[in-house]
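As the structure lists them, so they are numbered: ligands from 1, and atoms in each ligand from 1.
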Amino acid sequence: EMAIQYKKEEDFPGWYADVLIKGQMLDYYDVSGCYILRPGSYTVWQYIQSWFDEEIKKLGVQDCYFPMFVSKAKLEKEKDHIEGFAPEVAWVTRAGSSELEEHIAIRPTSETVMYPYYAKWIQSHRDLPLRLNQWNSVVRWEFKNPQPFLRTREFLWQEGHTAFLTRQEAADEVMEILDLYAKVYTDLLAVPVIPGKKSEKEKFAGADYTTTVEGFIPTTGRGIQGGTSHHLGQNFSRMFDIVVENPDRSVTENDGKIHVYQNSWGLSTRTLGVMVMVHGDDQGLVLPPRVALQQVVIVPVGLSKTEGKNGEIYDACSKLEKTLIAGGIRAKADLREGYTPGWKFNDWEMRGVPLRLELGPRDIAANSALAVRRVDNHKAPMPLDGIAETVKAYLEDVHERMYEKAKAKYDSCLKTLNNWEDVVPTLDAKNVLVLPWCEEEACEDMIKEKSASQANKGVAEDAKAPSAGAKSLCIPFDQERFGPFPDGKDQKCIQCGKPAKSWTMFGRNG
Ligand SMILES: O=C(C[C@H]1NCCC[C@H]1O)Cn1cnc2c(c1=O)CCCC2
Ligand SMILES: [Mg+2]
């Protein structure tokens with residue numbers, strides 16, 4: 001079948017899988033939870049990688065590579081950090097026909113791999129800051145049903161691990177990195193995100209605090225964690241004994257030693273899933289121009305049936321392709337024989353190419369091409385004179401339109417509430433809640449529990465939605481956007497009635 005067989009709003013999982021396969025983003029693999037990244041998706045990851053890597057290098061971060069294997073002893077170094085996750089760790093137990101004496105874990109993340117070497121390499125405060133990043137893949141043997149890009153047993157990511165002399169330097173870097181994550185989404189993927197802080201309950205257990213960029217999937221009304229930047233305080237430096245002499249020799253506390261202050265930060269191929277889910281439509285992928293493998297496809301039209309009569313049109317298409325490529329545009333003329341223009345339109349629409357230029361005898365005579373915009377199917381003639389510059393500006397406009405469209409949708413689904421009656425209906429209407437919250441975990445738990453039970457009110461036992469409860473997504477840094485608490489006075493926590501500490505986003509989680 002050539003067309004997308006599912007409607008996005010009717011069968012989202014079916015639509016998502018169909019769009020990824022027919023958009024040639026990935027293919028299935030016989031090991032459950034693993035997928036093949038085809039050029040259409042892998043090149044998006046490469047654009048993210050090259051942009052982000054250039055930015056962190058400006059900050060002084062250096063790339064490196066540690067082994068993917070972790071000894072049992074090393075992995076289990078800090079019980080509490082790992083025990084919650086132990087079921088997800090994959091192990092190598094045999095090589096060929098011989099059983100391994102010591103079972104070896106495959107990294108699920110690299111703290112326990114890297115930090116013993118931080119302890120070894122950091123001797124003096126002059127060795128600080130140490131700021132290393134890895135581009136690699138990690139393995140987490142999750143048992144919840146896999147989802148391409150969003151929950152896979154192996155995924156590509158970058159993991160940054162930095163160490164500083166002072167907490168302030170670390171705190172500053174946490175936010176610098178989070179800002180880069182936000183830009184990956186807004187500037188490369190045209191996806192709006194909200195930066196904020198995770199609650200104590202939702203943060204990474206090994207961190208002092210976790211910051212996040214929260215995305216939103218309108219079709220499900222669910223939030224999605226886009227990337228996290230953690231301040232680890234001295235939690236890991238105490239565990240791994242990463243200490244330096246206090247440069248201030250007069251300080252005797254902690255016998256003049258300082259455990260370094262650390263951060264870790266990660267962004268994964270989950271970015272690709274969010275991009276597809278936010279922008280895709282019932283014709284298939286809609287790719288943001290800045291990361292699209294093909295930005296423009298040129299399709300010859302008005303061809304004569306008899307072979308050999310179309311040389312002039314094909315030549316014009318090839319010439320246009322060369323002109324655009326010379327102008328720095330990723331363009332391709334689709335001169336494949338034996339496929340109708342309509343077939344080609346559909347194929348490139350499924351693959352999400354941002355701009356199609358149709359070129360036929362009438363266009364050539366008018367020295368123009370018909371420009372068809374993928375995001376909204378807008379059509380208009382585009383003069384061939386100066387076309388490379390025209391297309392460049394046009395693609396920038398496409399990016400802005402895609403971002404603004406997604407941002408308007410996200411904003412329209414952020415509902416500021418301060419009375420309980422509206423909570424479940426608003427969640428059921430596929431929105432994210434912005435609630436006044438006292439920041440006590442007990443209330444966070446009650447909000448999740450009550451919103452789950454009421455969402456299942458009157459629902460048959462076997463049909464109850466297990467995850468219908470609203471969990472806290474983040475405490476947005478920008479509190480002002482949600483306005484002063486509604487009645488001007490101190491707003492009450494929606495759950496306990498005590499004074500609220502912040503507006504907090506609560507939602508069902510993707
Ligand atoms: O990975 C992190 C923390 C940190 N790791 C480095 C990148 C940033 C940040 O994600 C949290 N975490 C999540 N998931 C797992 C682990 C884990 O530590 C360890 C065991 C397997 C599953
Ligand atoms: Mg996990």
Side-chain angles (χ1 to χ4, degrees), residues 33 48-49 52-53 56 61 63-66 68-72 74-91 103-115 117-118 130-147 149-163 170 173-178 180-181 184 197-198 200-214 224-233 235-237 239-240 262-271 273 467 471 474 509-510:
I48 292 171
Q49 195 172 7
F52 184 76
D53 204 55
I56 58 175
V61 178
D63 285 340
C64 63
Y65 191 82
F66 281 74
M68 68 184 305
F69 301 111
V70 201
S71 66
K72 188 170 168 46
K74 272 233 172 63
L75 184 78
E76 294 171 351
K77 166 95 179 147
E78 7 60 85
K79 277 282 171 228
D80 61 324
H81 164 58
I82 203 73
E83 73 190 10
F85 297 117
E88 295 180 21
V89 178
W91 295 87
H103 288 177
I104 297 167
I106 298 173
R107 71 182 161 221
T109 179
S110 299
E111 283 79 359
T112 57
V113 174
M114 298 170 81
Y115 295 173
Y117 292 89
Y118 279 40
L130 177 63
R131 309 172 75 181
L132 299 180
N133 178 62
Q134 289 192 79
W135 291 96
N136 62 24
S137 74
V138 290
V139 171
R140 295 176 182 181
W141 217 259
E142 309 227 20
F143 287 94
K144 282 195 279 187
N145 56 333
Q147 259 193 311
F149 297 125
L150 300 187
R151 188 181 300 119
T152 59
R153 285 179 162 166
E154 179 190 13
F155 57 85
L156 306 181
W157 74 348
Q158 54 67 221
E159 48 175 318
H161 297 269
T162 55
E173 189 210 56
V174 165
M175 295 309 291
E176 282 176 324
I177 296 297
L178 193 74
L180 292 179
Y181 285 167
V184 165
K197 203 172 135 190
K198 285 284 184 189
E200 282 304 297
K201 179 189 177 70
E202 294 299 332
K203 76 175 186 185
F204 162 42
D208 265 8
Y209 59 88
T210 289
T211 67
T212 177
V213 284
E214 287 296 307
I224 186 155
Q225 185 177 291
T228 49
S229 181
H230 313 272
H231 177 57
L232 309 177
N235 302 335
F236 285 87
S237 59
M239 257 179 249
F240 288 89
Q262 291 177 271
N263 295 335
S264 73
W265 24 273
L267 184 78
S268 76
T269 36
R270 159 177 292 213
T271 47
S467 66
K471 63 193 270 194
C474 85
N509 182 262

_On the six-membered ring of Tyr209, is Lys197 placed so that its NZ or CZ lies under 6.0 angstrom from the centre and within 45° of the ring axis?_
yes
_For ligand 1 and His161, I'd like to know whether there is a polar contact (N/O to N/O, distance under 3.5 Å)._
no
Contact atoms of ligand 1, heavy-atom distance to [X] under 4.0 Å:
| X | answer |
| --- | --- |
| Gly266 | 7 (C), 8 (C) |
| Glu111 | 3 (C), 4 (C), 5 (N), 6 (C) |
| Glu88 | 22 (C) |
| His230 | 8 (C), 9 (C), 10 (O) |

*Assert yes or no for the condition that the ring centre distance of Tyr118 to His161 is strictly below 6.0 Å.*
no
*asked:* Less than 6.0 angstrom separating the ring centers of Phe52 and Tyr181, yes or no?
replied: yes
*asked:* Going by the closest heavy atom to atom 21 (C) of ligand 1, which one wins out of Pro108, Ala86, Ala90, Ala105?
replied: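 It is Pro108 whose heavy atom sits nearest to atom 21 (C) of ligand 1.
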*asked:* Could you work out, for atom 2 (C) of ligand 1, the closest of Arg107, Arg140, Glu159 by heavy-atom distance?
replied: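 Nearest heavy atom to atom 2 (C) of ligand 1 lies in Arg140.
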*Who passes side-chain hydrogen bond (donor to acceptor under 3.5 Å, both in side chains) against Glu88, sequence neighbours left out?*
none
*asked:* Restricting to side-chain hydrogen bond (donor to acceptor under 3.5 Å, both in side chains), what partner residues turn up for Lys72, sequence neighbours left out?
replied: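 By the side-chain hydrogen bond (donor to acceptor under 3.5 Å, both in side chains) rule, Lys72 matches Glu76.
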*asked:* One residue to check: Trp157. Relative to ligand 1, which of side chain, backbone, both or neither has a non-hydrogen atom less than 4.0 Å away?
replied: side chain
*Would you say the side-chain atoms of His230 and Thr210 include a donor-acceptor pair closer than 3.5 Å?*
yes
